[in-house]
Amino acid sequence: MAAAAAARHRTLDFLLGATADCNAVLKGLQPIFQQQRMTETIHSWEDHGYLATYTNKNGSFATLRIYPHGLVSVDLQSYNDDMKGRDKIDHILNKIEERMKELFQGSIRRVKRLPAIVRGDAIDRYWPTADGRLVEYDIDEVVYDEDSSFQNIKILHSKQFGNILILSGDVKSDLAYTKAIMGSGKEDYTGKEVLILGGGDGGILYEIVKLKPKMVTMVEIDQLVIDGCRKYMRKTCGDVLDNLKGECYQVLIEDCIPVLKRYAKEGRKFDYVINDLTAVPISTSPEEDSTWEFLHLILDLSMKVLKQDGKYFTQGNCINLTEALTLYEEQLGKLYCPVEFSKEVVCVPSYMELWVFYTVWKKRTEI
């Protein structure tokens, strides 16, 4: 898909080593904007410096904010630039930087110019990390974009990662994530009964099937996720989503909670339960967040279908969300049966952050 017209927002900041002579900065930079035939409007405050705006007939505009304590910031916004237009704007910013260095020889502590922020493009490249940092991905194509009854499903192409799955704005997993949520290569799945909750991209299923289990049951609620991944995420899922049943696996298109309740009533037990449904909520108020109730219910039901010596694997969240992770660990102490757990921190490249994974098992009772 070709990129549509979009706004480009460029920033250039100067942190001076001393208080700024606001008037000197304004007078020094004015000629640069005047040469571009931009119309100037100035606002000044006695103790708060200057705000100057510069507008062009083509709709581009710049703001110059001069703070007395020593910060000078330039924001320049333009729309639908071609390469020539981008070069022209870079030229303006270069001139501003050169002039500031002339005005404040040796007294500029830091100059910071960020890559252009692209706003309103057909391709969304920006997602916040779990702990609130902004990440720009190298997305160059929208491969798949559908709304199901449950969520928005996007598959976007990244130059670095290939096709990546995004569900309602959340970037999904890569191979490092898949390996971690399976136990980081320390488990023997040969001849075992495995239950996967979620996992619609087929990555976990694909990797476990290679390990010759007795039977893997994957429960995914959203058929459209499977349809999209079957066609566009084959590097992740291989051929396991081509059919919903194989020699050692089955895929159920169902809500996992009724399935878990049914299995618990039937007394069905699994060696491994892998929860790939949702991360630990960022909210630190479990009593006010339905996602915490959902996680607690999934945990309880999973323990009911887990063998006494079985293991439950799940993701936690970003390592920096210590309060939320602590609350999750407290929830583990409130299940219908006593459990123990361990955790592992893994770098997940597609998340661009360190991620916590949990292994939970039923506490062994002393005989």
Side-chain angles (χ1 to χ4, degrees), residues 1-4 6 115 117-130 133-182 184-185 196-211 216 218-244 246 249 251 253 274-279 315 317-318 346-355 357:
M1 180 184 294
I117 298 173
V118 181
R119 302 166 70 177
D121 197 358
I123 298 174
D124 187 8
R125 301 173 177 86
Y126 305 96
W127 285 276
T129 59
R133 293 171 289 115
L134 185 63
V135 172
E136 179 179 358
Y137 285 78
D138 55 349
I139 303 299
D140 59 4
E141 183 183 2
V142 178
V143 176
Y144 181 82
D145 189 352
E146 296 288 344
D147 287 311
S148 73
S149 302
F150 308 99
Q151 59 203 331
N152 173 257
I153 307 156
K154 284 185 175 68
I155 297 175
L156 307 180
H157 181 264
S158 158
K159 297 173 186 176
Q160 182 175 194
F161 301 115
N163 286 351
I164 58 176
L165 175 65
I166 298 173
L167 299 179
S168 295
D170 288 336
V171 179
K172 295 294 111 178
S173 59
D174 55 25
L175 185 58
Y177 172 101
T178 299
K179 295 289 188 183
I181 206 168
M182 288 172 53
S184 296
I196 302 171
L197 308 178
D201 64 5
I204 298 171
L205 178 61
Y206 179 56
E207 294 301 324
I208 290 181
V209 164
K210 295 176 186 177
L211 303 177
V216 184
M218 176 178 129
V219 187
E220 166 60 50
I221 197 171
D222 201 334
Q223 179 70 57
L224 283 185
V225 172
I226 289 177
D227 292 344
C229 293
R230 176 194 295 133
K231 187 171 182 179
Y232 299 110
M233 299 282 293
R234 297 191 74 84
K235 185 177 178 181
T236 298
C237 66
D239 60 358
V240 296
L241 298 181
D242 291 353
N243 299 291
L244 298 184
Y249 72 89
V251 178
I253 310 300
I274 301 175
N275 177 357
D276 189 35
L277 295 168
T278 183
Q315 61 169 318
N317 210 311
C318 166
V346 175
C347 178
V348 178
S350 63
Y351 289 0
M352 299 193 189
E353 53 190 325
L354 295 177
W355 211 251
F357 293 84

Next on the checklist: Just so I know, are the side chains of Trp127 and Ile166 near enough to count as touching, which here means a heavy-atom distance under 4.5 Å?
Outcome noted: yes

Next on the checklist: Using only atom types and a distance under 3.5 Å, with no angle test, would you say the side chain of Tyr249 pairs donor to acceptor with the backbone of Val240?
Outcome noted: yes

Item to check | Pair Tyr144, Asp227: side-chain N/O donor-acceptor within cut-off below 3.5 Å | outcome: no

Next on the checklist: With a 3.5 Å distance limit and no angle check, can you tell me whether Tyr137 reaches the backbone of Gln160 through a side-chain donor-acceptor pair?
Outcome noted: no

Checklist entry - Side chains of Asn152 and Asp145: does their closest heavy-atom pair fall under 4.5 Å? => result yes

Item to check | Gap between atom SG of Cys229 and atom CD1 of Ile155 - 0.5 Å precision | outcome: 4.5 Å

Item to check | Closest heavy-atom pair and its distance - Ile253, Ile226 | outcome: CD1-CD1, 3.2 Å

Item to check | Phe150 side chain reached by Leu167 side chain, heavy atoms, under 4.5 Å | outcome: no

Checklist entry - What is the distance from atom CG of Asn163 to atom NZ of Lys231, rounded to the nearest 0.5 Å? => result 12.0 Å

Checklist entry - Between CD of Gln315 and CD1 of Ile274, what distance do you get to the nearest 0.5 Å? => result 12.5 Å

Item to check | Nearest non-hydrogen partners of Gly200 and Leu241, listed with the distance | outcome: O-CD1, 3.7 Å

Checklist entry - Tell me, do Leu211 and Met182 make a side-chain contact under 4.5 Å, heavy atoms counted? => result yes

Checklist entry - So, are Asp201 and Lys235 salt-bridged, with charged N and O less than 4.0 Å apart? => result no

Item to check | Note, Glu353 side chain near Val348 side chain (heavy atom, < 4.5 Å) | outcome: no

Next on the checklist: Whether the side chain of Glu141 engages the backbone of Val143 through a donor-acceptor N/O pair (distance < 3.5 Å, no angle test) should be reported.
Outcome noted: no

